[in-house]
Number of protein chains: 2
Amino acid sequence: MVRKTKEEAEQTRKELIQAARRVFHQCGVSRSTLEKIAKAAGVTRGAVYWHFKDKAALFFAMREDVFVPMVERTDALLFSEQFTNPLDAIEASIKEFFRVLEDCSVVREVFEIMISRCEYVDEFASVQEDVARPAQTFLAKIEGVYQQAAAKGMLRPGLSPLDAARDTWAFTSGVLHLMLACQKGSDLPQRIPDMISAHMAMRRCVAP
Amino acid sequence: MVRKTKEEAEQTRKELIQAARRVFHQCGVSRSTLEKIAKAAGVTRGAVYWHFKDKAALFFAMREDVFVPMVERTDALLFSEQFTNPLDAIEASIKEFFRVLEDCSVVREVFEIMISRCEYVDEFASVQEDVARPAQTFLAKIEGVYQQAAAKGMLRPGLSPLDAARDTWAFTSGVLHLMLACQKGSDLPQRIPDMISAHMAMRRCVAP
DNA sequence: GATTATAAACATTCATGGATGTATGTAAAA
DNA sequence: TTTTACATACATCCATGAATGTTTATAATC
């Protein structure tokens with residue numbers, strides 16, 4: 001029983017990516033053998049090598065699946081016209097990011113793999129750049145939005161858009177890493193929305 | 001030629017740790033074979049197994065060497081009596097942390113290994129807790145110092161010590177990760193002191 | 001102070017067990 | 001009939017850990 005239909009083949013490809021995620025998450029990337037992944041997907045290594053050049057290619061495919069939609073979602077809020085105050089757009093965007101991370105275990109697993117279960121050397125050195133790039137563009141984006149807030153007089157006086165942006169940039173990265181590194185019993189995830197609110201409150205104009 | 005003197009043996013132990021750091025940093029922990037490390041130290045695997053139980057033990061020894069002094073240095077500033085304003089103590093402590101990280105390549109390499117060249121599964125799962133613990137205690141420490149600042153009326157009105165502490169906590173973690181993930185050409189390291197100043201300025205009382 | 005026994009500080013060898021990549025087989029879809 | 005979508009089989013390489021060998025510092029003994 002071989003030679004499936006095109007749709008079935010695409011299905012096994014997807015199942016291989018799911019299996020890879022589970023195995024990567026459990027064993028770490030380097031200790032994840034293609035044999036384990038194949039078995040977890042209910043196929044043999046032959047199938048893996050048919051769909052992917054090697055383990056790195058599988059990893060990239062898995063990553064791409066969740067990374068792109070994530071950026072789209074948060075950007076949609078960041079640049080949304082529905083907020084009269086640009087600071088609200090930033091707050092909503094960051095909150096949405098962590099909401100997805102909290103609610104969707106698939107996304108969370110992929111982020112956990114990328115942050116604490118993969119060694120960024122050799123073939124995977126480029127992955128670190130792929131992760132750093134969105135972070136860089138995120139900085140540029142929120143700096144622009146902070147400038148809009150400043151132009152509207154909605155940014156706290158004495159605070160420059162660039163300083164505010166860099167601080168938010170570091171804050172977001174920090175929350176992400178602390179959240180993914182925190183052990184199971186921690187109540188950090190629940191507190192994240194409040195932390196984001198408090199963070200943004202520091203750059204809002206004081207109530208009259 | 002074997003059976004060195006006690007001092008010579010201690011020396012090879014230290015050289016094994018240095019070699020492990022170089023090899024871990026270059027190859028990642030999982031691809032660092034004890035053969036490579038031994039050769040880099042000018043000995044054979046026999047020497048490695050004599051001094052360390054296995055690769056994980058070598059890793060822990062390497063980590064301990066730089067982690068403990070780092071905490072001592074920053075705590076000394078954080079709890080120093082030389083600052084009349086507690087916020088200055090926090091600022092000095094965090095700046096010192098990143099100054100060491102920037103100036104001392106040994107420390108930086110170890111942090112880079114722990115953050116982006118090690119997979120936190122199985123024997124190394126505990127490492128992640130070891131890294132998370134100082135972060136947790138750091139949060140508790142700066143919350144205390146922020147409370148002192150509030151008691152002295154030096155914390156910006158409307159800002160709670162706990163919110164300030166959590167925000168600084170995330171900020172510090174974020175800067176650390178962004179700094180270690182940034183590619184060679186980036187000028188982020190130079191800007192870190194200014195980012196810290198700007199971060200702390202947001203929680204100081206406005207000048208009269 | 002010289003001798004000797006002990007064990008420290010490694011080097012060398014061996015046995016074992018994977019993991020990878022490729023090559024080949026195969027049955028059904030196109 | 002050809003090609004797809006795998007499964008199976010094969011060859012190679014390498015990492016680990018333990019076992020054993022070797023030399024010499026060191027301390028106990030005489």
Side-chain angles (χ1 to χ4, degrees), chain A residues 1-62 113 117-119 121-124, chain B residues 1-62 113 117-119 121-124:
Chain A
M1 27 62 177
V2 233
R3 177 55 180 170
K4 316 284 185 60
T5 173
K6 264 211 182 300
E7 297 82 43
E8 285 174 316
E10 181 59 22
Q11 179 62 20
T12 68
R13 196 193 116 98
K14 283 179 182 171
E15 277 172 18
L16 274 173
I17 291 182
Q18 312 289 348
R21 176 170 43 74
R22 291 198 302 273
V23 178
F24 283 160
H25 190 267
Q26 192 185 352
C27 309
V29 175
S30 69
R31 293 184 183 184
S32 295
T33 134
L34 295 185
E35 172 74 28
K36 280 184 194 168
I37 295 174
K39 195 165 287 183
V43 292
T44 67
R45 273 172 55 241
V48 179
Y49 278 106
W50 173 255
H51 285 283
F52 304 95
K53 180 177 169 286
D54 52 16
K55 203 204 284 185
L58 223 184
F59 181 91
F60 289 131
M62 174 201 72
I113 291 167
R117 288 162 163 85
C118 172
E119 299 179 2
V121 287
D122 301 332
E123 330 92 86
F124 291 99
Chain B
M1 27 60 174
V2 233
R3 177 57 183 170
K4 315 283 184 61
T5 174
K6 265 215 181 303
E7 298 82 43
E8 285 175 314
E10 182 59 23
Q11 178 63 21
T12 68
R13 195 193 116 98
K14 284 179 183 172
E15 277 173 19
L16 274 173
I17 291 182
Q18 311 288 351
R21 177 169 42 74
R22 291 198 302 272
V23 177
F24 283 160
H25 191 267
Q26 193 186 348
C27 309
V29 174
S30 69
R31 293 186 183 183
S32 295
T33 132
L34 296 185
E35 172 74 30
K36 280 184 194 169
I37 295 174
K39 194 165 287 182
V43 292
T44 69
R45 273 173 53 240
V48 179
Y49 278 107
W50 173 255
H51 285 283
F52 305 95
K53 179 177 169 287
D54 52 15
K55 202 204 289 185
L58 223 185
F59 181 92
F60 289 132
M62 175 200 72
I113 291 167
R117 289 162 164 85
C118 172
E119 299 179 3
V121 288
D122 301 333
E123 328 94 86
F124 292 99

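Throughout, protein chains are lettered first and strands after them, A, B, ... in sequence-line order, and every chain is numbered starting at 1.
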(message) I want to check one thing: is the phosphate of dC6(D), taken as OP1 and OP2, less than 4.0 Å away from some side-chain N or O of His51(A)?
(response) yes

(message) Rounded to the nearest 0.5 Å, what separates atom CG in Leu58(B) from atom OG in Ser32(B)?
(response) 10.0 Å

(request) Look at the side chain of Trp50(B) and decide which nucleotide, out of dA9(C), dA5(D), dA7(D), has an atom nearest to it. (result) dA9(C)

(request) With sequence neighbours excluded, give me every side chain to side chain donor-acceptor pair (under 3.5 Å) pair touching residues 43-54 of chain B. (result) Thr12(B)-His51(B)

(request) Please report, rounded to the nearest Å, how far the C1' atom of dC6(D) is from the CZ atom of Arg13(A). (result) 15 Å

(request) Would you give the length of the straight line joining atom CE of Met62(A) to atom CG of Leu16(A), rounded to the nearest 0.5 angstrom? (result) 13.0 Å

(request) Give DNA chain C the dot-bracket treatment, 5' to 3': Watson-Crick (N1-N3 with N6-O4 or O6-N4) or G-U (N1-O2, O6-N3) under 3.5 Å, [ ] crossing, | other strand. (result) ||||||||||||||||||||||||||||||

(request) Please list, chain by chain and in numerical order, all residues satisfying side chain to side chain donor-acceptor pair (under 3.5 Å) with Arg31(A), sequence neighbours excluded. (result) Asp122(B), Glu123(B)

(request) Check the distance between dA8(C)'s P and Glu10(B)'s CD and give it to me in whole angstrom. (result) 15 Å

(message) Suppose we screen for salt bridge (Lys or Arg N to Asp or Glu O under 4.0 Å). Which residues come up paired with Arg117(B), at least two apart in sequence or across chains?
(response) none

(message) If I take atom CD in residue Glu7(B) and atom C1' in nucleotide dA8(C), what distance separates them, rounded to the nearest angstrom?
(response) 13 Å

(message) How many whole angstroms separate atom NZ of Lys39(B) from atom P of dA11(C)?
(response) 12 Å

(request) Calculate, to the nearest 0.5 Å, the distance between atoms CZ and CD1 belonging to Arg21(A) and Ile37(A) respectively. (result) 12.0 Å

(request) Could you work out which one of dA8(C), dT8(D), dA5(D) sits closest to the side chain of Lys6(A)? (result) dA5(D)

(message) As a quick check of understanding, evaluate side chain to side chain contact (heavy atoms under 4.5 Å, CB included) for Ile17(A) and Arg13(A), giving each step before the final call.
(response) CA-CA 6 Å; Ile17(A) 291 182; Arg13(A) 196 193 116 98; 4.0 Å; yes

(message) I'd like to check the side chain to side chain donor-acceptor pair (under 3.5 Å) partners of Glu35(B); sequence neighbours left out, ordered by chain and number.
(response) none

(request) Could you state the atom-to-atom distance from CZ of Phe52(A) to C1' of dA5(D) in whole Å? (result) 14 Å

(request) State whether a side-chain donor-acceptor pair under 3.5 Å links Glu15(B) with Gln11(B). (result) yes

(request) List the protein contact pattern of nucleotides 9-19 of chain D with one symbol per nucleotide (5' to 3'): B for base contact, S for sugar-phosphate-only contact, - for none; contact means a heavy-atom distance under 4.0 Å. (result) ------SBB--

(message) Quick check on dA5(D): is either OP1 or OP2 less than 4.0 Å from any side-chain nitrogen or oxygen of Thr12(A)?
(response) no

